[in-house]
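What follows is a single structure, written as structure tokens, with notes after it.
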Protein chains: 2
Amino acid sequence: MHVKHYYIVYNLLNTALRFTMSIFHENAVTASDKAFFRLRKEIVEGEIPASAKLSETELSTKYEVSRAVVREAINRLESCNLVERKPNVGARVVALSPEGLIELYQVRESLEGMAARLAATNMSDDEVAELKMLLNSQSENIKTTERYYQEAGDLDFHYRIILGSKNNHLINMLVNGLYHLVRMYRVQLGMAGPRVSTAFDEHKHIVQAISNRDPELAEMLMRRHIMYSKNNIEAKLQQ
Amino acid sequence: MHVKHYYIVYNLLNTALRFTMSIFHENAVTASDKAFFRLRKEIVEGEIPASAKLSETELSTKYEVSRAVVREAINRLESCNLVERKPNVGARVVALSPEGLIELYQVRESLEGMAARLAATNMSDDEVAELKMLLNSQSENIKTTERYYQEAGDLDFHYRIILGSKNNHLINMLVNGLYHLVRMYRVQLGMAGPRVSTAFDEHKHIVQAISNRDPELAEMLMRRHIMYSKNNIEAKLQQ
DNA sequence: AACGACAAGATTGTCGACAATATTCAAATA
DNA sequence: TATTTGAATATTGTCGACAATCTTGTCGTT
């Protein structure tokens, strides 16, 4: 009992920021890993702009590694939907478009809805408790803290539910496949939005549904939540 | 008008078999492409058994190409969820497990449900007409033709709806990411099922919903359809 | 006999060079 | 002047060799 409680408290000490950092700072064992992480970071954060050409030789001199590791990094970026590659021509960073964003959010709605549904069944009581406490800690900081932390908190929330689904395909698709692209859109199109307080209420209701072990409701609320985000972003794009 | 009609008839001449072949026989421009397609085929059809180790040197001698192209092929297989790779250790063909199959079908339910929803909005009238005619041609052959064609027909049906969603993320995830794994399970676990006639009725209802431009219903019916398939398979696994 | 350290072998990771393909740009032709 | 041909250049694709890491099996110690 003591141990369990300590565990929960300890986890809460991993604030949203630290947690979010850990998501993206996987441990790189090989040189291709490092190149992959670095390149991904530079693409997501816009240091290498959207639609830019990725020259293998150029990158290999810049990163001081051989072309082979750059090639492998680019290949991995391609499976993350962050770059597009044409045979005998080369690779480009993906172009960001309103249509692409819509498509991305449609897939998110589908997959994260299913994640919430599965999480309602598969999350342990401890994980649900941690999720609740995360929300509590966020509600206290919601006025004082700056926007970046709110962003991180949002990612944290979604990330935990995705992991809570316990479905490896789902987890892989979302974490490795879509979320970096989502982040790229957010960073580069300046999507931080207000919508924090309303989104926070939506988060609370989703957690409540998961806590009640109500898969149908959890899915529906998550889908709505993402749909609202999408609509919010669409509205901003048309300004 | 003439042209349009001719086009539809012509498409119908591409029977389920030919259509399905075309799905998997993409044109390979580079050597890595060929190695990738060949390796994928051998894995899906069980020539290289599940959970088998993939030795780069061994495959490079077998295919008579350099290790680099085998490496790239294996990397691509990894993003298709057909092999798993560990740094400095090597790659193995994925293991087939009942749990893995369940997870796969959960993701399919989510994504193909969304595909049906989007198809109800985004498919052209012509595409809907072709889909209807495809079903008609299948209903005539359903008793006479052998099982393989029914399998192909099923793939064909789902494939058209996926394409009809017009959502590139969705299409890519399903066609390049999940369907070969689905096929691998079907081939290797001998999932062909009867369930043809009932499944066929479900197909008809889904097409009807799409034809009525009813996204909600189309999604719900597609999800149920896949859920039934999953249940059917689960039942067989426990025999 | 069980366990751990160490060496030998095998496999993957990385590199630089060469081959094949695409792009660019200048010259020739209509 | 516009268009096409063709050579020159640059980029990607493929290869074989070497380096780094893991695996295997033997030996020695407890």
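Note that the coordinates shown come from a computational prediction; the quantities given were computed from them, not determined experimentally. Note on naming: letters A, B, ... go to the chains in the order of the sequence lines (proteins, then strands), and numbering restarts at 1 for each one.
- Every residue was checked against the ring-ring contact (aromatic ring centres under 6.0 Å, His included) condition with B:His169, not counting sequence neighbours, and none meets it.
- Residues passing the side-chain hydrogen bond (donor to acceptor under 3.5 Å, both in side chains) test with B:Asn168, sequence neighbours excluded: none.
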Taking N or O atoms only and anything under 3.5 Å, show me the protein contacts with nucleotides 5-9 of chain D, one pair per line.
none

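- Annotation: salt bridge (Lys or Arg N to Asp or Glu O under 4.0 Å) contacts involving residues 165-177 of chain A, sequence neighbours excluded, comprise A:Glu127-A:Lys166.
- When rounded to the nearest whole Å, the span between NZ of B:Lys53 and P of C:dA10 equals 13 Å.
- Partners of A:Phe157 under the ring-ring contact (aromatic ring centres under 6.0 Å, His included) rule, at least two apart in sequence or in another chain, are A:His203.
- Following rounding to the nearest Å, A:Arg67 (CZ) and C:dA19 (C1') show an atom-to-atom distance of 11 Å.
- For the pair A:Leu54 CG and D:dG13 C1', the interatomic distance rounds to 17 Å; values are reported in whole Å.
- When the nucleotides C:dT14, D:dC15, C:dC15 are ranked by their closest atom to the side chain of B:Ser66, D:dC15 comes out on top.
- Note on B:Ser32: every side-chain N or O is 4.0 Å or more away from OP1 and OP2 of D:dG13.
- Listed by chain and residue number, nothing satisfies the side-chain hydrogen bond (donor to acceptor under 3.5 Å, both in side chains) test with A:Asn81 (two or more places apart in sequence, or in another chain).
- A heavy atom lying under 4.0 Å from DNA chain D marks the following residues of residues 68-85 of chain A, by number: A:Arg71, A:Arg85.
- The CD-P distance, from A:Glu56 to D:dG13, rounds to 6 Å in whole Å.
- Applying the salt bridge (Lys or Arg N to Asp or Glu O under 4.0 Å) rule to pairs touching residues 102-112 of chain A yields A:Arg108-A:Glu112, A:Glu109-A:Arg223, sequence neighbours excluded.
- Distances shown here put every side-chain N or O of B:Thr30 at or beyond 4.0 Å from the OP1 or OP2 atom of D:dT12.
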Give every donor-acceptor pair under 3.5 Å between a side-chain atom in residues 86-96 of chain B and any protein atom, sequence neighbours left out.
residue	atom	partner	partner atom	Å
B:Arg92	NE	B:Ser51	O	3.2
B:Arg92	NH2	B:Ser51	O	3.3

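- By the 4.5 Å heavy-atom criterion applied to side chains, B:Ile48 and B:Leu39 are counted as neighbours.
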What pairs of donor and acceptor atoms, side-chain ones from residues 115-122 of chain A against any protein atom, are under 3.5 angstrom apart with sequence neighbours left out?
residue	atom	partner	partner atom	Å
A:Arg117	NE	A:Glu219	OE1	2.4
A:Arg117	NH2	A:Glu219	OE1	2.9
A:Asn122	ND2	A:Ser165	O	3.0

Please list, pair by pair, any protein nitrogen or oxygen found under 3.5 Å from a nitrogen or oxygen in nucleotides 20-25 of chain C.
none

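- Nucleotide C:dT11 holds its P atom 13 Å from the CZ atom of B:Arg92, rounded to whole Å.
- A donor-acceptor pair is defined here as one N or O able to donate and one able to accept, closer than 3.5 Å; no such pair exists between the side chain of B:Glu234 and the backbone of B:Leu101.
- Within the structure, every pair that satisfies the salt bridge (Lys or Arg N to Asp or Glu O under 4.0 Å) test and touches residues 42-51 of chain A, not counting sequence neighbours, is listed here: A:Arg38-A:Glu42, A:Lys41-A:Glu45, A:Glu42-A:Lys62.
- The interatomic distance linking A:Lys34 (NZ) with D:dA20 (C1') rounds to 12 Å, in whole Å.
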